[in-house]
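Model, not experiment: these values are computed from the prediction. Residue numbers start from 1 in every chain, and the chains themselves are labelled A, B, ... in the order their sequence lines are given, proteins ahead of strands.
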Amino acid sequence: MDFETLVRWLLRDPVAVAPDLLGAVLTHTTPEGTVGVRLTEVEAYRGHRDSDHPDPGSHSYNGRTPRNEVMWGPPGHLYVYFTYGMHFCANVVCGPAGSSSGCLLRAGEIVEGIDLARSRRSAARRDADLARGPARLAQALSIGRDDNGATLDGASFRLEPPAHRAAGVLSGPRVGVAGEGGSADYLWRFWLPGEPSVSTYRAAKPRPARG
DNA sequence: AGATCGATTCCCT
DNA sequence: GGGAATCGATCTG
C-alpha cells in the first residue's frame, strides 16, 4: 500500500483504526537488517478533535507539550515515548492533523528477521516473547528516541495493513491506565484471540469488539 | 527547584 | 505475586 493510501486509511477515529491494525505488519530496516512484526495487540488513544470529549488516558489529554507534539501532527507517523526510565513504546499516529490520536502497539509476532530480533531481545525465552509487550516490541524493532516522528512511508519504516479485517477481535480495558480512562467506558484495548504474543495481563473479561 | 510517578520489564520467591 | 531498576516529563510551590 502506498503512503498516500495508508494515510487515508489512518485518517479515522483511533477506536476504529485500532482493531483494523490487528494483522498489519510493521517493518523497520536499519543497517543491521530488517525486522517485521505482525500486530496482535493494540490500544486506542483518542485525541481532542476526534470526539466530543477527549480521552483521559491519553498523553495528549492535558494539551500540546514537547513530548506529545508528534501526536498532534498528521497521521502516518510514529509517536515514540520514553517511560520508566528505560523503555520506549511506539504509537501509530492516526486521525486528522490537530486531533492528537494514536494507537499504541502493544504486541506482535515476529514475521521477518527473527534472528536479528532475538539478538536484540536476549532476555526472551520463547519467540512469542520477542514482541510481547509494548517496550519489548519496540526493542525487537530497534525503535528508540530518534524514531519519534518517523514516517511510515517505507524508507525506514513501513506499515502494511492486513488484506482483510481480522475476525474474532477481542477488547477490554487498557493496560496501565488509571482512573476514568481505565474504566469499562474505555474498552479500547484490542487483540487477536489465541495469539501467544498477546501480553498476559488481562484486566477484565474480554468481549467481542464488534457486535 | 524539588517531588512524583509512569501507556514496563525482569528476576526472585 | 512482588519489588527493583531508572530518568525525564510534568506538576507543584
Ignoring hydrogens and angles, write down the donor-acceptor pairs under 3.5 Å from the side chains of residues 97-104 of chain A, residues two or more places apart or on other chains.
from, atom 1, to, atom 2, distance (Å)
A/S99, OG, A/D50, OD2, 3.3
A/S99, OG, A/P96, O, 2.8
A/S100, OG, A/H48, N, 3.3
A/S100, OG, A/S60, OG, 3.1
A/S101, OG, A/G47, N, 2.7
A/S101, OG, A/D50, OD2, 2.6

(Q) I'd like to know whether CZ of A/R49 has more than 12 heavy-atom contacts from other residues, nucleotides or ligands below 6.0 angstrom. (A) no

Q | Rounded distance [0.5 Å steps], CG in A/L137 versus CD in A/E109 | A | 12.0 Å

List the atom pairs, donor and acceptor, that lie under 3.5 Å between side-chain atoms in residues 72-90 of chain A and the rest of the protein, sequence neighbours left out.
from, atom 1, to, atom 2, distance (Å)
A/W72, NE1, A/N68, OD1, 2.8
A/H77, ND1, A/G149, O, 3.1
A/Y79, OH, A/H59, ND1, 2.8

Q.
What's A/N91 touching, base or sugar-phosphate or nothing? Going by heavy atoms closer than 4.0 Å.
A. base

Q: Starting from P on C/dA9, measure out to CG on A/N148 and report it in whole angstrom.
A: 11 Å

Q. Excluding sequence neighbours, so at least two apart, what forms ring-ring contact (aromatic ring centres under 6.0 Å, His included) with A/H28?
A. A/F157

(Q) From CZ of A/R67 over to P of B/dG6, roughly how many Å is that when rounded to an integer? (A) 11 Å

Q. Between A/F88 (CZ) and C/dT6 (C1'), how many Å, whole number?
A. 12 Å

Q) Can you list the residues that meet the side chain to side chain contact (heavy atoms under 4.5 Å, CB included) rule with A/P196, with sequence neighbours excluded? A) A/R126, A/A128

Q: Verify the contact: side-chain N or O of A/N68 to OP1 or OP2 of C/dA9, cut-off strictly under 4.0 Å; return yes or no.
A: no

Q. From C/dT10, C/dG8, B/dA7, pick the nucleotide closest to the side chain of A/F82?
A. C/dG8

Q | Sidechain N-carboxylate O distance under 4.0 Å for A/D13, A/R46 | A | yes

Q: Using both pair distances under 3.5 Å as the test, note the stems of at least 3 consecutive Watson-Crick or G-U pairs that include DNA chain B.
A: B:1-6 with C:7-12, B:8-12 with C:1-5

**Q.** Validation row: A/V177, A/W188 side chains within 4.5 angstrom (heavy atoms)
**A.** no

Q. For every nucleotide of nucleotides 8-13 of chain B, 5' to 3': is a protein heavy atom under 4.0 Å from its base (B), only from its sugar-phosphate (S), or from neither (-)?
A. BSS---

Q: Send over the distance from A/R145 CZ to C/dC7 P, rounded to a whole Å.
A: 10 Å

Q) Heavy atoms under 4.0 Å, any strand shown: does A/G181 hit a base, just sugar-phosphate, or nothing? A) nothing

Q) Is any side-chain N of the basic residue among A/R12 and A/D20 closer than 4.0 Å to the acidic one's carboxylate O? A) yes

Q: Take atom CD of A/E41 and atom C1' of B/dA7, then tell me their distance rounded to the nearest Å.
A: 11 Å

Q. In whole angstroms, how far is the C1' atom of C/dG8 from the NE2 atom of A/H59?
A. 12 Å

